[in-house]
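Remarks on the structure that follows.
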Amino acid sequence: MRGHRQRLPADTTLAQAAHQLVGVLVPLRCAPDGTLLGWYRLGNELGPLPVDLTVGELDDEETCFLHFVENRAEWRSIDVDGHRVWQRIGLAVPIVSLVDAFAMQFGLADEPWQLSLDGVVLDDFHILADHDVTEQSQLAIRRGAAG
């Protein structure tokens, strides 16, 4: 959508901003069967910018673009609350949605859960494609700290 202006709080990360704009400025892109085809990242004409950059760090006069990130599903080993499973995981699915999907699939208790990559807890608004995920990467779903 050309020429649309949207005001967001200065401390909003670009990952959070993209999350807020999907479904408002651009559609949630999916196949007819509901399979998520990808997600979006904010950036300039050259490509996406770092997801942890904040809106306040951007130049108000510079035009931002929503860049589509294809959702490739890859087989990965993931530790789900102490149980190692082999699972196809979408690399362009918001972390909050992946965590929710695993919680539903494995009947995890209704409490906060977090996804970590090589021991680092990932932000809810990131996607795995924001990170360097390799076949050796260690993914884990663990109980998180309460809000």
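Throughout, numbering of the chain's residues begins at 1 and tracks the sequence. All values below come from the heavy atoms of this structure, side chains included, with hydrogens, waters and symmetry mates left out.
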| Does the side chain of Phe65 reach to within under 4.5 Å of the side chain of Glu45, using non-hydrogen atoms? | yes
| Got Val55 and Arg7 here, is their nearest side-chain heavy-atom distance under 4.5 Å? | no
| message | Between Leu49 and Asn44, is there a side-chain heavy-atom distance shorter than 4.5 Å? | response | yes
| Does any N or O in the side chain of Asn71 come within less than 3.5 Å of the main-chain N or O of Leu91, such that one atom is a donor and the other an acceptor? | yes
| query | Is there a donor-acceptor pair closer than 3.5 Å between any side-chain N or O of Gln20 and the backbone N or O of Ala17? | reply | no
| message | For Val69 versus Ala129, what's the shortest heavy-atom pair and its separation? | response | CG1-CB, 4.0 Å
| Considering only heavy atoms from C-beta outward, does the side chain of Ser137 approach that of Leu117 to under 4.5 Å? | yes
| said: Closer than 3.5 angstrom, by distance alone: can the side chain of Asp124 be matched with the main-chain N or O of Ile95 as a donor-acceptor pair? | reply: no
| query | Do Glu70 and Leu37 pass the side-chain contact (heavy atoms from CB on, under 4.5 Å) test, and can you show the C-alpha distance, the side-chain angles, and the key distance before you say yes or no? | reply | CA-CA 6 Å; Glu70 182 184 357; Leu37 297 178; over 6 Å; no
| Distance-only donor-acceptor check, side chains Arg142 and Ser116, under 3.5 Å | no
| Check: Glu62 side chain, Asp59 main-chain N or O, donor-acceptor pair, under 3.5 Å | no
| said: Check this for me: Glu135, atom CD, are more than 12 non-hydrogen atoms of other residues, nucleotides or ligands nearer than 6.0 Å? | reply: no
| query | Do Arg143 and Asp81 touch side chain to side chain, with heavy atoms closer than 4.5 Å? | reply | yes
| Test item: Leu128 and Leu98 side chains (from C-beta on) under 4.5 Å apart, heavy atoms | yes
| Going through the distances and angles, do Ile141 and Leu108 end up as a side-chain contact (heavy atoms from CB on, under 4.5 Å)? | CA-CA 10 Å; Ile141 301 279; Leu108 301 179; 4.0 Å; yes
| message | Tell me if the CZ atom of Arg84 is crowded by more than 12 foreign heavy atoms within 6.0 Å. | response | yes
| request: Measure across Ala92 and Trp39 and return the closest heavy-atom pair with its distance rounded to 0.1 Å. | output: O-CB, 3.3 Å
| What is the minimum heavy-atom distance between Val96 and His19, and which atoms define it? | CG1-CE1, 4.1 Å
| message | Rounded to the nearest 0.5 Å, what separates atom OG1 in Thr134 from atom CG in Asp118? | response | 6.5 Å
| message | Does atom CG (Asp33) have a neighbourhood of more than 12 heavy atoms from anything else shown, all under 6.0 Å? | response | yes
| Heavy-atom pair of closest approach, residues Leu42 and Cys64 | CD2-CB, 4.2 Å
| message | Please verify the inter-ring angle class for Trp86 with Trp75; under 30° counts as parallel, over 60° as perpendicular, anything in between as tilted. | response | parallel
| message | Can you see whether Asp52 engages His126 through a side-chain donor-acceptor pair at a distance of less than 3.5 angstrom? | response | yes
| message | With a 4.5 Å cut-off on side-chain heavy atoms, are Gln87 and Phe102 touching? | response | yes
| field | Derivation and outcome, salt bridge (Lys or Arg N to Asp or Glu O under 4.0 Å), residues Arg88 and Glu74 | value | CA-CA 5 Å; Arg88 268 176 50 99; Glu74 296 183 357; over 6 Å; no
| query | Taking all atoms of both residues into account, what is the closest heavy-atom pair of Tyr40 and Ala18, and its distance? | reply | O-CB, 3.5 Å
| request: Would you please test Leu21 and Val26 for side-chain contact (heavy atoms from CB on, under 4.5 Å) and show each step? | output: CA-CA 7 Å; Leu21 297 173; Val26 294; 5.7 Å; no
| task | Apply side-chain contact (heavy atoms from CB on, under 4.5 Å) to the pair Thr13 and Val51, showing each step before the final yes or no. | result | CA-CA 6 Å; Thr13 67; Val51 293; over 6 Å; no
